[in-house]
Amino acid sequence: MSGSDKTWVGQSLSRKEEDRLLRGRGKFVDDIKLREMLYLRFVRSPYAHAKIVSIDTSAAEKIPGVICTLRGSEIASQTQPFIEIAPDPGGRIRDYPLAVSKVRYQGEPVVAVVAESPAIADDGAEAVLIEYEALDPVVDAEQALTDASILHEEAGTNKVWNGVFEYGDVEQAFRDAASIVEIDRMHFHRFSSTPLENNVVIGQWDPKDDHIHYWCNNSFPSFAIQFLAAHLQVHIDRIRVQTFDIGGSFGIKITSYPQMAVCALASKKAGGRPIKWVETRSEHMISSAHGNERTFRDTRVALDNQGVITAITSRHIDDCGAYPRYEPLGCVIWSQVFPGVYRFKNARIDFTQAVTNKCPVGPNRGYSRMQHLWFLERVVDICAHELGIPADEMRLRNYIRPEEFPYTTPNGCIYDSGNYPKMLEMAKQLIDWDGWKKKQADARKRGRMIGIGIGTTLDSGTNNFGQSQIVNPGAPFSGNSQGANCKLDIYGEVVVAVGSCPQGQGHETTAAQVVADVLNINPDLITVRTGFDTERNVHTGFSGTYASQFAVSGLSAVHGAAQKLKAEMKRLAAFVLACKEEDLEFGSGAQGPEVRSKSNGRSINYWGLANIVNVNSAVLSPELHDVTLNCRYVWRAPFKVPDTKKKYGNLTMTYASQLHIAVVEIDGETCIPKILDYVAVDDCGTVINPRIVEGQVYGATAHGIGAALLENCVYDEVGNMLTSTFSDYLPITPVNMPSVKYGHIATPSPHSYSGAKGMGEGGAAPIHTISAALQDALFDKRIFIQDSFNNPDSLFRALRGETCRAKDLVKVERRA
Amino acid sequence: MYPRPFHYHRASSLREAVTMLSQLGEDARFLAGGQSLIPLMKLRFSNPSHLVDLSFVPGAAYIKQERSALHFGALTRHSEIENSATAAMLPVLHDCAAGIADVQVRNRGTIGGSLAEADPSGDWATVLLTQETELRCLGPSGERTVPLRGFITDAYTTVLGHDELIQEVIVRIPPPGSGGAYLAFKRSAPVYPTASVAVQLTMDGGVCKDAVITLGCVGLTVVRSEGSEAALRGHEIDDKAIAAAMEAARAAADPQADMRGSVEYKRVLVAALLKRAIEIAMRRARGEQVEVSHIYA
């Protein structure tokens, strides 16, 4: 390709990484074996809440091959507790990577055993004797807030954070309302992601240079090193983190820093030998991280006589498990999508977060926004059903309109672009809405329960870390940034390095597409180094792969670095070819990629340019000595610090949207819900690589359907986790997947250089969509869907009138 | 997790395996496909000191018809039965074999191992109890033939001695006019069924001459629903008879609540599965080819 009329961005290129990954040639942390490496196994608490009375590791230490053990009290004496993001009272929590004096969830690590082999480490772990004294467990957030049994004595309360988000004139809106709908309680369930690859850490604390080296699959390493340096009391430059291919994270691998800390400290105790910890699946299920569980109480909705929502008030209680860790950021992150896709201006949400004796939460895909979006979609559907307005019509009356973009939300977020009515129209066409409506009516006459549900979702990407100041005005974070480096190596190879650590998102491909357009060369000629490495020196404090942002932050950094390189190449080529910079053009010639002069016909290839700068620099004139052809660029998001008192400001750069429609039938005899038809329409602005986007949409759809129907983290009343294996926790498999129809529109973002929007999370659209469809199937039986998780057994109980009864849940006040 | 250290022995004949096990004592276990034992050892719930592997015994895996019966070597893998034209003579065996867990498990797990393990959620016992099934067993004192009815005495418990193993599974081919079906509800492929039902109906025109009905995963062992059988036997199989059979199954089921469902739900589910299984078995009794797939959701 030589002409500049065609661009690489926008093409469905096969992924550069596919060949390696599909042939089993990927390199994952567990593939790494180091000389003298030792293996670590955790001894975990069987109790949800208990005092540690005694620990006896003597029998374990006598086993041949066991090198040492490590316990919480040893760690507490040589480290600082992890940073807490919360102000008081949550900020008073003291979090160590091993339990010190008590355990706070089943599966919490208490002792680490280090041995010459994984099997000996298991033998050692089995020989550790720990005596506990059980304490009252707290497994429900609302129960936790009574403070009858306190998890963290130093905090004095189970409340981590509370804040009221109020905008507009709520009281006036309720006075003017034509109808008011009240919903007593709704609940968003706890589920997680189950990446194919569990957490893996190799840590080495080298006593020779007091340097800590990690080989790991943490998905937000720049966050991890900030927590680790403060905890371990080492200079942050002494911590090197490298990541490799990662088999999925979905945000769950962001909070692996406690295990990283244990590996380093164990290595120190073991004389500097590298320590490998490979998490088992059961460990992953009970103690990696779960998604946030949220309860919605006392919701009141004001509507006008057209069914337009004018105000919402509600109390939201978030359950963050035993330790806040990344929390309480989730207490503000939901407000990136405060009004969802809707136009209401008046609202008051009283938001509280509590600790409970359950696995700590982590930023699970759709983090904190999906809970809120599910809540809003439930509100919309419940109001629509109660007021007798069809679900599609209800949405059209309440959607933010296409001509209103960029749209400022009541809390100051700026929705960049979108066209929700058009997406709805497309989804209805693809699924044959009218046809299904007819089939539904016919089936209903024969006693069949078929429901059609709509879910409209936002995937907000590239966040403003200034929102952390809304939860803690003292938090030293704001804005967002990403680094990239683009260079011509000594022989002229184009090499790009990015501070991201992809887990299947195709960064090697999309980064190459962007650089290929800048330099007008084939993307195959570009090497992209992904996988984090602190010593590559491209990262900023926000680098990693999380929160739907690579298309904006990552590729903006890559684009900036490529342009910087191109500018240097131009200056150099103009000098060598003795022409003006304006006369130069970029492309490929007989000797590979080159820069040529349109005025004199001369050209120089990349090898020639790199040669002069790197190994032939005597020919260079002094005014070009600043040219390195090795260009680091840091892209910064144009954010301001939000108004922390009013909780007002722009919290996210881009808003991708998804519109899903599901047709679900509930079998009258078995209560098994079956998806009869499904459509997913997405809008992520300008598309970098349609094939990658489509893959992400299918993946997010599968994950969401799994969450809605199969995946549920269940604890019993004393805090035993009942779903710690894949017999009881069911990640979705192909036999559970419907065939998904796919549609796409593009409303380019005015906020990103390319018009692209982040779309990695997908907003958990199927959860709202399936809840809506189930409710549509059951509404004529006066059943409301009040939980985000529904399986045959829960539908059976609802159909028997034990749960979800409209008369217990919903009250409607109609005024003229 | 890794198992505790153990000794591994490879037997070259079933007789040798039995001798080895009696010599090694109570701390030794037979290893067939390993689909139950190995995970239990990795979780350290089961910690044998010795494993005697049967997988390399020549001639222990086969499927053949001899006169009016099908003979399965105990080491025959589920996938071999799934793909066997001989086994396909009894479609209910295919229903079972093709629906056990996922491909990896079917490629390793064996029919003999599954029956000897007697897991309350296992598939084979439920199906084979609707057939005339005998097990040829081998122990230190020689061979004996045991009917499958009475073989499983409790959850994970059979009449087998510690050093006794199943050598062959013999299933009599039902007479013409007889049809069977096996149906399970599984939330996804790798998990055990929430409930399952096996039915064998022998028809004489529209009238049911004989019925055998078993319910799986709703008791510590397979539940035989004699009330359901009585509701069909000697009757025209109409909606009323089916409703009575369902009611009897609901009453016979003795499930436990777990992550797969509540007690009451499992009772309702097993009755609904029975209705569908009866319909399929009737069509097969009439000679129709009916493909059956478990219900996944």
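Reminder, nothing fancy here: chain letters follow the sequence lines and each chain counts from 1.
When the shell of 6.0 Å around CD of B:Q256 is examined, it contains 12 or fewer heavy atoms from other residues, nucleotides or ligands. In this structure, B:R29 places its CZ atom where only 12 or fewer heavy-atom neighbours from other residues, nucleotides or ligands lie under 6.0 Å away. A 6.0 Å sphere centred on CG of B:D239 holds no more than 12 heavy atoms belonging to other residues, nucleotides or ligands. For B:Y8, the OH atom sits in a packed shell: over 12 heavy atoms of surrounding residues, nucleotides or ligands are nearer than 6.0 Å.
B:M259 and A:D728 make their closest contact through CB-OD1, 3.5 Å (heavy atoms, listed as atom of the first residue, atom of the second, distance). Looking at every heavy atom in both residues, B:R44 comes nearest to A:D123 through NH2-OD1, 2.7 Å. The minimum heavy-atom distance between B:Y2 and A:P118, with the atom names listed, is CE1-CB, 3.1 Å. Nearest approach of A:D793 to B:Y265, heavy atoms of both residues: OD1-CB, 2.9 Å. The heavy-atom pair separating B:S188 from A:L730 by the smallest distance is OG-CD2, 4.0 Å.
Residue contact with chain B, scored on non-hydrogen atoms closer than 4.5 Å, is absent for A:P734. With a threshold of 4.5 angstrom between heavy atoms, A:E283 does not approach chain B through any atom at all. Contacts between A:L722 and chain B at a heavy-atom distance below 4.5 Å involve backbone atoms as well as side-chain atoms. With a threshold of 4.5 angstrom between heavy atoms, B:I295 approaches chain A through side-chain atoms but not through N, CA, C or O. Using a 4.5 Å cut-off between heavy atoms, A:R281 makes no contact with chain B at all. A:N712 does not touch chain B: none of its heavy atoms, backbone or side chain, sits under 4.5 Å away. Interface remark: B:K186 contributes no atoms to any contact with chain A (heavy atom separation under 4.5 Å). Both the backbone and the side chain of A:T670 have a heavy atom closer than 4.5 Å to some heavy atom of chain B.
Considering CG of A:D122 and CE of B:M1, their distance stands at 4.5 Å, rounded to 0.5 Å. To the nearest 0.5 Å, atoms SG (A:C671) and CG (B:L269) are separated by 9.0 Å. One finds the CD atom of A:E126 at 3.5 Å from the CZ atom of B:R4 (value rounded to the nearest 0.5 Å). Once rounded to the nearest 0.5 Å, the distance linking CZ of B:R267 with CZ of A:F796 reads 10.5 Å.
With chain A as partner, the option from B:P190, B:A271, B:S262 having the largest number of non-hydrogen pairs under 4.5 angstrom is B:S262.
Of the options A:V735, A:I672, A:L710, a side-chain contact (heavy atoms from CB on, under 4.5 Å) to B:R187 is made by A:L710 and by none of the others.
Look at B:R276 and A:E669 and you find a salt bridge, because one of the NZ, NE, NH1 or NH2 atoms lies within 4.0 Å of a carboxylate O, short of that distance.
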